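Scroll down for the structure; my scribbles are underneath it.
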Amino acid sequence: MQTWLVTGGAGFIGANFVLAARRLGAARVVNLDLLTYAGHPENLESLKHDRDHEFVHGDIGDEPLVAKLLAEHRPDAIVNFAAESHVDRSILGPQAFIQTNIVGTHALLAGALKHWQGLSAAAQRAFRFLHVSTDEVYGSLGPNDPAFSEDHQYQPNSPYAASKAAADHLVRAYHHTYGLPTLTTNCSNNYGPYQHPEKLIPLMIQNAVAGRPLPVYGDGRQVRDWLYVEDHCDAIRAVLDKGKPAETYNIGGNAEKPNIEIVQTLCRLLDGRFPDKAPHARLVQHVSDRPGHDRRYAINAEKIKRELGWQPAVSFAQGIERTVHWYLDNDAWVKAVSNPDHRDWLEKNYQQQGRGI
Ligand code: NAD
Ligand code: DAU
């Protein structure tokens, strides 16, 4: 069995990835996570007795720690999920994004390179550094523009997107200059279990259930492409397995939707579950927009389909229903992550920004 060093594996996508990898017996996992406000050990509860999952509390920017883990575990691959991931937080405080997404990713690359240079020729050929990135690096599309393909120009618009773009460039440079066998994936918006309630879908579910306002930024006509998180994890495994070093792969759900439609769908699903509280859509409130808000993202995922045979398996209708049920059925998890830090964030991003809720 392979060994993977997964970073950020206590966060939303990382935890889903680690849980799937262990469920499928795909690899032994060493999981390095700093447990920032976004990292939740609860996500990994089901792996408590799994001897092939080792959790390490630490920073991807801690070079001696990374060197020790690489020497000790000699992983076949590094999969880098660790990041500051929330656009609104990057607007109110970009520094942490520069630190983890750029400086941290660079430290991880430097550690990986040193380790890789000491491997045998065969082990060097087999090794992979997979960097998980985002479609936000490409900037914003007009309503009739073609979807982002891998050669779309980088035009990041938020501090978050700019920090991810910088990291993508460093990953590219480490291949081009030193030969490190890197892979980069640029994915659209994920949704599903274990997503932090600062993000649109879990926030709306949580607020609607509590009878609180549903804060839609601006006119709510901004478009995102939505992918069920397990499909993203499958795609990453396909890239690890069959992707060509130095290549980048766009990953998307073929499910472009305006935000307001997402919120209305959630309200309809909740009306079905709690008819006495219907219509939940009465809670929708249009609030002041996100500064620099990208209008539309869309992914052209033809390359990964053509070259690696991956395409999404879960339709948006299936995925969103599963997601609503998961949040309703996992109240203890929702309560655990709705901690004082999260309440401070709600105060800072909604009340102090004059969004009035
Ligand atoms: P998340 O915020 O839920 O989780 C991030 C995890 O990284 C947390 O567990 C956190 O503790 C950990 N972390 C943060 N700084 C760290 C550091 N310095 N060292 C070690 N661990 C650290 O994020 P997510 O939504 O799961 O996103 C994971 C990755 O996927 C990110 O790189 C993000 O840019 C990318 N991505 C996310 C989406 C999405 O829709 N959520 C879409 C495309 C790409
Ligand atoms: O596109 C991929 C990106 O998707 C990832 O790289 C990011 O890590 C991830 O957070 C996500 O970014 P978004 O900014 O698109 O996700 P978020 O859930 O924050 O917002 C989705 C849309 O909903 C966006 O247009 C802003 C809007 N929104 C969000 C919040 C939190 C609202 O209208 N109201 C809100 O309260």
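Here the structure is a predicted model, which means the values were calculated and not measured. As the structure lists them, so they are numbered: ligands from 1, and atoms in each ligand from 1. When a residue number appears, it is its place in the shown sequence, counting from 1.
- For the residues Arg89, Glu136, Met204, the heavy atom positioned nearest atom 12 (O) of ligand 2 is part of Glu136.
- With a 4.0 Å heavy-atom cut-off, ligand 1 is reached by the side chain of Lys164 but not by its N, CA, C or O.
- With atom 31 (C) of ligand 2 as the reference point, the heavy atom nearest to it among Tyr350, Phe12, Trp226, Tyr191 is part of Tyr350.
- Here the CG-CH2 distance, from Leu92 to Trp345, works out to 5.0 Å after rounding to the nearest 0.5 Å.
- Of all the heavy atoms of Ala15, none lies under 4.0 Å from any atom of ligand 1, so neither backbone nor side chain is involved.
- For Lys244 and Glu307, the salt-bridge test fails: no basic side-chain N is under 4.0 Å from an acidic carboxylate O.
- Close contacts of ligand 1 with Gly58, meaning ligand atoms under 4.0 Å from a residue heavy atom, involve 19 (N), 20 (C).
- For Lys164, the closest heavy-atom approach to ligand 2 does not fall below 4.0 Å.
- Counted within 6.0 Å of CZ on Arg355, heavy atoms from surrounding residues, nucleotides or ligands total more than 12; the atom is thus considered enclosed.
- If you number the atoms of ligand 2 from 1 as listed, the ones under 4.0 Å from a heavy atom of Thr134 come out as 1 (O), 2 (C), 3 (C), 5 (C), 6 (O).
- Proximity of a side-chain donor or acceptor of Tyr154 to a complementary backbone N or O of Gly139 within less than 3.5 Å is not detected.
- For atom 27 (C) of ligand 2, the closest non-hydrogen atom on the protein side is Asn259 ND2, 3.4 Å.
- The protein atom (non-hydrogen) at minimum distance from atom 41 (N) of ligand 1 is Ile13 CD1, 3.7 Å.
- Ring to ring, Trp4 and Phe17 are close: their centroids are under 6.0 angstrom apart.
- Distances shorter than 4.0 angstrom do not occur between any heavy atom of Gly9 and any atom of ligand 1.
- With respect to atom 21 (C) of ligand 2, the closest heavy atom belonging to the protein is Leu200 CB, 3.8 Å.
- For ligand 1, the polar-atom distance check against Asp59 finds a nitrogen or oxygen pair separated by under 3.5 Å.
- Checked for salt-bridge contact, Asp168 and Arg172 miss the test: no charged N lies under 4.0 Å from a carboxylate O.
- Short contacts between ligand 2 and Leu203, defined as distances under 4.0 Å to a heavy atom of the residue, involve ligand atoms 36 (O).
- Annotation: Pro215 places an N or O atom under 3.5 Å from an N or O atom of ligand 2; distance criterion only.
- Counting protein heavy atoms only, atom 5 (C) of ligand 2 is closest to Tyr160 OH, 3.6 Å.
- For NE2 of His176, the number of neighbouring non-hydrogen atoms (other residues, nucleotides, ligands) closer than 6.0 Å is 12 at most.
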For residues 220-227, which side-chain donor-acceptor pairs fall under 3.5 Å, sequence neighbours excluded?
| from | atom 1 | to | atom 2 | distance (Å) |
| --- | --- | --- | --- | --- |
| Gln222 | OE1 | Asn259 | ND2 | 3.2 |
| Gln222 | NE2 | Tyr217 | O | 3.3 |
| Gln222 | NE2 | His293 | ND1 | 3.4 |
| Arg224 | NH1 | Asp294 | O | 3.2 |
| Arg224 | NH2 | His293 | NE2 | 3.4 |
| Arg224 | NH2 | Asp294 | O | 3.2 |
| Asp225 | OD1 | Asn254 | N | 3.2 |
| Asp225 | OD1 | Ala255 | N | 2.7 |
| Asp225 | OD2 | Ser188 | OG | 2.8 |
| Asp225 | OD2 | Gly253 | N | 2.8 |

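- Considering each of Ala83, Ser85, Gly8, Ser163, the one bringing a non-hydrogen atom nearest atom 5 (C) of ligand 1 is Ala83.
- In the vicinity of Val132, heavy-atom distances shorter than 4.0 Å reach the ligand 1 atoms 30 (O), 32 (O).
- Contacts between Tyr160 and ligand 1, counted as non-hydrogen atom pairs separated by less than 4.0 Å, involve the side chain only.
- In this structure, the protein non-hydrogen atom closest to atom 16 (O) of ligand 2 is Asn189 ND2, 3.5 Å.
- For atom 19 (O) of ligand 2, the nearest non-hydrogen atom from the set His196, Arg290, Glu84 comes from Arg290.
- Here is the list of ligand 1 atoms found below 4.0 Å of a heavy atom in Gly39: 8 (C), 9 (O), 11 (O).
- Between the side chain of Asp231 and the backbone N or O of Ala313 there is at least one donor-acceptor pair closer than 3.5 Å.
- In this structure a side-chain-to-backbone donor-acceptor pair under 3.5 Å is present from Asn207 to Pro213.
- Checked by distance only, ligand 1 and Cys187 stay at 3.5 Å or farther apart across all their nitrogen or oxygen atoms.
- Taking a cutoff of 4.0 Å between a charged side-chain nitrogen and a carboxylate oxygen, Asp234 and Arg237 qualify as a salt bridge.
- Which parts of ligand 2 touch Glu198 is read off a 4.0 Å heavy-atom cut-off, strictly below it: atoms 31 (C).
- The closest heavy-atom contact to atom 26 (C) of ligand 2, among the options Gln222, Arg221, His293, comes from His293.
- Using modelled atom types, one side-chain atom of Asp33 and one backbone atom of Ala10 make a donor-acceptor pair closer than 3.5 Å.
- Each of the following atoms of ligand 1 lies closer than 4.0 Å to a heavy atom of Ser133: 43 (C), 44 (C).
- The shortest N/O to N/O separation between Leu32 and ligand 1 does not fall below 3.5 Å.
- Nearest protein neighbour of atom 1 (O) of ligand 2, counting heavy atoms only, is Asp135 OD1, 2.5 Å.
- Between Phe55 and His53, the ring planes lie tilted relative to each other; the angle falls in the 30° to 60° range.
- Between Tyr37 and His196, the ring planes lie perpendicular to each other; the angle is over 60°, past the 30° to 60° tilted range.
- Neither the backbone nor the side chain of Thr7 comes within contact range of ligand 1; no heavy atom lies under 4.0 Å.
- Considering backbone and side-chain N/O atoms, Ser188 never comes within less than 3.5 Å of an N/O atom of ligand 2.
- Put simply, the side chain of Leu65 does not reach to within 4.5 Å of the side chain of Asp59, judged on heavy atoms.
- In this structure a side-chain-to-backbone donor-acceptor pair under 3.5 Å is missing from Asn43 to Asn16.
- The contact set between ligand 1 and Asn189, taken as ligand atoms under 4.0 Å from a residue heavy atom, comprises 40 (O).
- Atom 33 (O) of ligand 2 has Tyr217 N, 2.8 Å as its closest protein atom, hydrogens excluded (heavy atom only).
- Of all protein heavy atoms, the one lying nearest to atom 9 (C) of ligand 2 is Ser85 O, 3.9 Å.
- Within the 4.5 Å cutoff, side-chain heavy atoms of Leu109 are placed close to those of Val171.
- Near Phe81, meaning under 4.0 Å from one of its heavy atoms, ligand 1 places the atoms 28 (C), 29 (C), 31 (C), 32 (O).
- Put simply, part of Ala10 is less than 4.0 Å from ligand 1, judged by heavy atoms.
- For ligand 1, the polar-atom distance check against Thr36 finds a nitrogen or oxygen pair separated by under 3.5 Å.
- Taking 4.0 Å as the cut-off between side-chain N and carboxylate O, Glu63 and Lys114 do not count as a salt-bridged pair.
- A salt bridge links Arg295 and Asp219; the closest N-O separation between the charged side-chain nitrogens and carboxylate oxygens is under 4.0 Å.
- No N or O atom of Gln195 sits closer than 3.5 Å to an N or O atom of ligand 1.
- Residue Ala96 places every heavy atom at 4.0 Å or more from ligand 1.
- Rounding to the nearest 0.5 Å gives a distance of 9.0 Å between CG of Asp151 and NZ of Lys303.
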